[in-house]
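To keep things clear, I will list the structure first and then write my remarks on it.
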Amino acid sequence: MTLRLQDTLSGETRPFEPLDAGHARVYSCGPTVYGPAHIGNFRSFLFADLLVRYLRYRGLRVTWVMNFTDIDDRIIERARDASETIGVLTDRWIAQFRADAAALRMTTPDVSPRATEHIDAIARLIATLEARGHAYRTEDGSIFFRISSWPAYGRLARLDPTQLRVGERVEADDYGKDDARDFALWKGPKAGDPAWETAIGAGRPGWHIECSAMSMAHLGESFDIHTGGVDLIFPHHVDEIAQSEAATGKPFVGTWLHCAHLRLGGEKMARRVGNIARVADLLESGVSPRALRYALISVHYRQALEYSEASLAAAGAAVDRLDSLVASLMAYRNDGDGDPGLPAALDGARAAFEAAFDDDLNVSAALAALFDLVRELNRRIDARALSSNDARAALDALRVLDRVLAILPDPPSELDPESAAMLDARRIAREAREWARSDELRDALLERGITVEDTRDGQRWHRTEGAS
RNA sequence: GGCGACGUGGUGAAGUGGCUUAACACGGAGGUCUGCAAAACCUCUAUUCAGCGGUUCGAAUCCGCUCGUCGCCUCCA
């Protein structure tokens, strides 16, 4: 069995085969850093994270590029409002994004290019488009892509150009183009706006061309996978394809993957709607970052996902169940011969897990396989069927699957000496059946953020989620 | 107006022609274990897959219609 992915452009689900055998090159449209990303944005970034993690789990080398759009109208506007430079503003929000991403255990991309650091590459790409007759200039120094020069335009979005409701959402055109459907590659200089002096003149890049230039700069003119939210299909990705392929004459991307929206209150989460939630705010209010990650990744990426307090609570409970199992396995001690059925159970779970992910990243089915294993292991723990070595092997197997999911607790760090002493004192009190003293110490440890539970193997402890 | 997606239990959600009289998680009810607590385990919790009609030996799964929800239609992940 191999990984099969559903490509937005062709609509087909087909086996994934990288252009270079054994090396997958992936580009993900990253955030525009004019403010903090919301968890709907993060759903699509975590979907890309899951993809990259699974490709690596499958033994592929992966080069993952996720850009920062650090120049656009909103950034200019915000910087002006705050009387600061766009560099100061975008640095701040990039730092915030990285903190949020780390909290959610998003893999750090191999390259995180910034648009403003690729101005020359962008200018060169535009110059090529001009030379090939796909672009034209307007009086203000802007350069547009001429859609009529590219017959395949719009195929990704399956849009009929004659049916577009031109004018409905298009603001009064600031830049004056030949055809309403043409899009800006380069925006001519405007008083007060940042501009760069380049071989194609002064100005700043349009949005779509950035992603073409940055992906090609780091992954080559043709690469394997391009991800983003469904709302980027049109116009962003449609335009990327047109300008990239018009410039190079080569196929741009092998597989397009698009993540469905996160919803809140039945509607797409969007600043415009006002129904957004932010990572930092949620963590501030005590939400466990792993529960949030679980809530955002636990549904198939092409399925709209409703976010709510209840879904977050359910995710937290599911994560707790995993934590309990991990704690049980770590505390487990038994000198017996071991469970002859264990290897088959572990292998079966792994096979089911992989089959699910191979099927276009069916994470719900993969989680079902994981939780089937959880119940199976708990049963064996209760029955004292495992040996100490079995418990270690089971834990190792869980950690292997977790290379993809990244939802298990971190291996526990050392306890501070004082807490360790309290834990030891409690053990002694329990051996003396001094229950009041035992309960007192349990409460005191809980106040220090350490939850203690008693098992046949003695005490086991874990750090209380959200308290650390 | 155009294009597209979706509608499965109290909730989220797998399953897309027979292996499923429907995974898994959350929630609920009862039980076991236990100094207490917690966890865990066991049993139960959809004769049914928006509605109607059709195809088929057989449909949640294919086709048609109806109803409903959501998304995209120029810079939103």
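Only this structure's heavy atoms are used, side chains among them; waters, hydrogens and symmetry mates stay out. Each chain gets a letter, A, B and so on, in the order the sequences are listed, and its residues count up from 1. Since the model is a prediction, treat every value here as computed from it, not as a measurement.
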Tell me whether the count of non-hydrogen atoms from other residues, nucleotides or ligands lying under 6.0 Å of CZ in A/R14 goes above 12.
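More than 12 heavy atoms, drawn from other residues, nucleotides or ligands, come within 6.0 Å of this atom.
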
Rounded distance in Å between the [atom1] positions of [N] and [M]:
N	M	atom1	answer
B/rC67	B/rU11	C1'	24 Å
B/rG10	B/rG4	P	33 Å
B/rG15	B/rC6	P	11 Å

With a 4.0 Å cut-off on heavy atoms, is [X] in touch with a base, just the backbone sugar-phosphate, or nothing at all?
X	result
A/L262	base
A/A317	sugar-phosphate
A/A314	sugar-phosphate

Of the candidate nucleotides B/rA77, B/rG71, B/rC26, which contains the atom at the shortest distance from the side chain of A/T32?
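Among the listed nucleotides, the one closest to the side chain of A/T32 is B/rA77.
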
I need a per-nucleotide contact map over nucleotides 37-45 of chain B, read 5' to 3'. Cutoff is protein heavy atoms under 4.0 Å; write B for the base, S for backbone only, - otherwise.
BBSBSS---

Contacting residues from residues 41-55 of chain A, given that a heavy atom lies under 4.0 angstrom of RNA chain B
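Per residue number, the list reads A/N41, A/S44.
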
I need the single residue from A/R427, A/R460, A/R430 that forms a salt bridge (charged side-chain N to carboxylate O under 4.0 Å, His left out) with A/D454. Which is it?
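Running salt bridge (charged side-chain N to carboxylate O under 4.0 Å, His left out) over A/R427, A/R460, A/R430 with A/D454 returns exactly one hit, A/R430.
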
Could you say whether A/R263 or A/A313 is positioned toward the 5' end of RNA chain B, judged by the nucleotide with the nearest heavy atom to each?
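In this pair, the answer is A/A313.
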
Assign each of A/R430 and A/G266 to its nearest nucleotide of RNA chain B by heavy atoms, then name whichever residue's nucleotide is nearer the 5' end.
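Result: A/R430.
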
Can you measure [X] atom [atom1] to [N] atom [atom2] for me and round it to whole angstrom units?
X	N	atom1	atom2	answer
A/Q303	B/rC70	CD	C1'	11 Å
A/D439	B/rG35	CG	C1'	8 Å
A/H258	B/rC3	NE2	P	21 Å
A/Y294	B/rC24	OH	P	13 Å
A/L232	B/rC76	CG	C1'	7 Å
A/D372	B/rA23	CG	C1'	7 Å
A/N275	B/rA77	CG	C1'	14 Å

Is the gap between the ring centers of A/H118 and A/H218 under 6.0 Å?
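Yes: the rings meet the under 6.0 Å criterion.
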
Counting only side-chain N and O atoms of A/R74, is one of them less than 4.0 Å from OP1 or OP2 of B/rC76?
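It does, given that an N or O in the side chain of A/R74 lies less than 4.0 Å from OP1 or OP2 of B/rC76.
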
B/rC72, OP1 or OP2 - any side-chain N/O from A/K268 closer than 4.0 Å?
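Yes, within the criterion.
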
Does NZ or CZ of A/R74 lie under 6.0 Å from the centre of the six-membered ring of A/Y34, at an angle within 45° of the ring axis?
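Relative to the ring axis of A/Y34, which defines the angle, A/R74 lies inside both limits.
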
Indicate every side-chain donor-acceptor pair of residues 96-107 of chain A with a distance under 3.5 Å to a residue at least two apart or in another chain.
residue, atom, partner, partner atom, Å
A/Q96, NE2, A/D100, OD1, 2.9
A/R105, NH1, A/A406, O, 3.3
A/R105, NH1, A/L408, O, 2.6
A/R105, NH2, A/L408, O, 3.1
A/R105, NH2, A/D410, OD1, 3.3
A/T107, OG1, A/D49, OD1, 2.5
A/T107, OG1, A/R53, NE, 3.4

Over 60° means perpendicular and under 30° means parallel, so tell me whether A/W150 and A/H134 are parallel, tilted or perpendicular.
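Perpendicular.
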
Do A/D231 side-chain and B/rG71 base share a donor-acceptor contact under 3.5 Å?
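Per atom types, no contact qualifies.
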
